[in-house]
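Hydrogens, waters and symmetry mates are skipped; everything else that's a heavy atom, side chains included, is used.
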Amino acid sequence: MERVDALSKRGLTVCLSLGLLLLFCACTGAMAPATGDGPGGVITDTLEDILIHTEQAVYHPGEKEVTIILYDAGKNSYTFDMEYMLQVLDGDRWVDVDKGDTIIWIQATYPLDPGDTAEQSLALSSYTEDIKPGQYRIVKPIHSVEDTEIYYMTAVFTVGQQEGD
C-alpha cells in the first residue's frame, strides 16, 4: 500500500511539473508558431499599422547581425519584446534556423505607439547553423494593446553578394 501511495505521489508530481512547464512556455511565447497561422497569432508581412523591414536588403555571408526597424504608422498602440525567429527559404517553404541553446530572451516589453520607430539588432552569430547565401526572414511577434492579439510580422532579407562585389 505504501508503494502505491509513493508511486501516486511521484506521478502527481510529474504531472504537475509538466503542466507548469507547458503553462510557462505558453506565457513566454516559447511555443509560438514558426509558420502559418497559430493559436493566438498570425504570421503576416502586412499589418495595417505596423511597417517592418531590415536595415539592408542584402547582407554579406558571415555578417554578425541584422537590424530590423519597426514603425507604427497607425492609430493603435503595440508592444514587442526581444523574441524573434529566423527562418530560411527552402524551396517554397520557410524553415526555422536552429538557434540551439545560445539565445536567451529578455522578457522586457517595449511600447510602440503611433508614430514611433524602434530598432532591434539580431545576432546572427548566435545560431548553430552557418548563415549561408539565400533568402531569410525574421519573424517578430508584435502584441496589440487594443485587442491583445499577437501578430507575427516578417522582414525578408537576402544573404549573398551585393552588386559590384
CA sep, side-chain torsions, deciding dist, call: L122, L86, side-chain contact (heavy atoms from CB on, under 4.5 Å): CA-CA 9 Å; L122 315 172; L86 179 64; over 6 Å; no

Run the side-chain contact (heavy atoms from CB on, under 4.5 Å) test on E65 and L124 for me, step by step, so that the C-alpha distance in whole Å, both residues' side-chain angles and the decisive distance to 0.1 Å come before the verdict. CA-CA 5 Å; E65 67 180 30; L124 297 179; 5.6 Å; no

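Here D116 pairs with nothing under the side-chain hydrogen bond (donor to acceptor under 3.5 Å, both in side chains) rule; sequence neighbours left out. Legend: residues meeting side chain to side chain contact (heavy atoms under 4.5 Å, CB included) with D90, ordered by chain and number and at least two apart, are V95. Residues satisfying the side chain to side chain contact (heavy atoms under 4.5 Å, CB included) test with K132, not counting sequence neighbours, are D130, Y136. When the side chain to side chain contact (heavy atoms under 4.5 Å, CB included) test is applied to P111, the partners found at least two apart in sequence or on another chain are D113. Contacts of H143 classified as side chain to side chain contact (heavy atoms under 4.5 Å, CB included), with partners at least two apart in sequence or in another chain: T79, D81, P141, I150. Remark: T67 pairs with S121 by the side-chain hydrogen bond (donor to acceptor under 3.5 Å, both in side chains) rule, at least two apart or across chains. For D49, the side-chain hydrogen bond (donor to acceptor under 3.5 Å, both in side chains) criterion is met by N76, Y78, not counting sequence neighbours.
Each of Y151 and I69 belongs to its own hydrophobic cluster when Ile, Leu, Val, Met, Phe, Trp and Tyr are linked at side-chain heavy-atom distances under 4.5 angstrom. I142 and V145 end up in different hydrophobic clusters when Ile, Leu, Val, Met, Phe, Trp and Tyr side chains are linked at under 4.5 Å.
Atom CD of Q120 and atom CD of E55 lie 13.0 Å apart (nearest 0.5 Å). Note: F80 CZ to L112 CG = 6.0 Å, rounded to the nearest 0.5 Å. Interatomic distance, R137 CZ to T154 OG1, rounded to the nearest 0.5 Å: 5.5 Å. Between the NZ atom of K64 and the NE2 atom of H60 there is a distance of 13.5 Å, given to the nearest 0.5 Å.
A pairwise comparison of heavy atoms in P114 and G74 identifies CB-O, 3.1 Å as the closest pair. Between I131 and V97 the shortest heavy-atom distance is CD1-CG1, 4.3 Å.
Side chains of V159 and E63 form no contact here, defined as non-hydrogen atoms less than 4.5 Å apart. Counting only heavy atoms from C-beta outward, the side chains of W94 and Q135 approach each other to under 4.5 Å. Using a 4.5 Å heavy-atom threshold, the side chains of V156 and T54 count as separate. V66 is listed as a side-chain neighbour of F157, based on a closest heavy-atom distance under 4.5 Å.
Using modelled atom types, no side-chain atom of D96 and backbone atom of D98 make a donor-acceptor pair closer than 3.5 Å. Here the side chain of T158 pairs no donor or acceptor atom with the backbone of G160 at under 3.5 angstrom.
The hydrophobic cluster containing L51 also includes Y71, under a criterion of side-chain heavy atoms closer than 4.5 Å among ILVMFWY residues, counted directly or through chains of members.
Screening K140, H53, E119 against I68 for a side-chain contact (heavy atoms from CB on, under 4.5 Å) leaves a single residue, K140.
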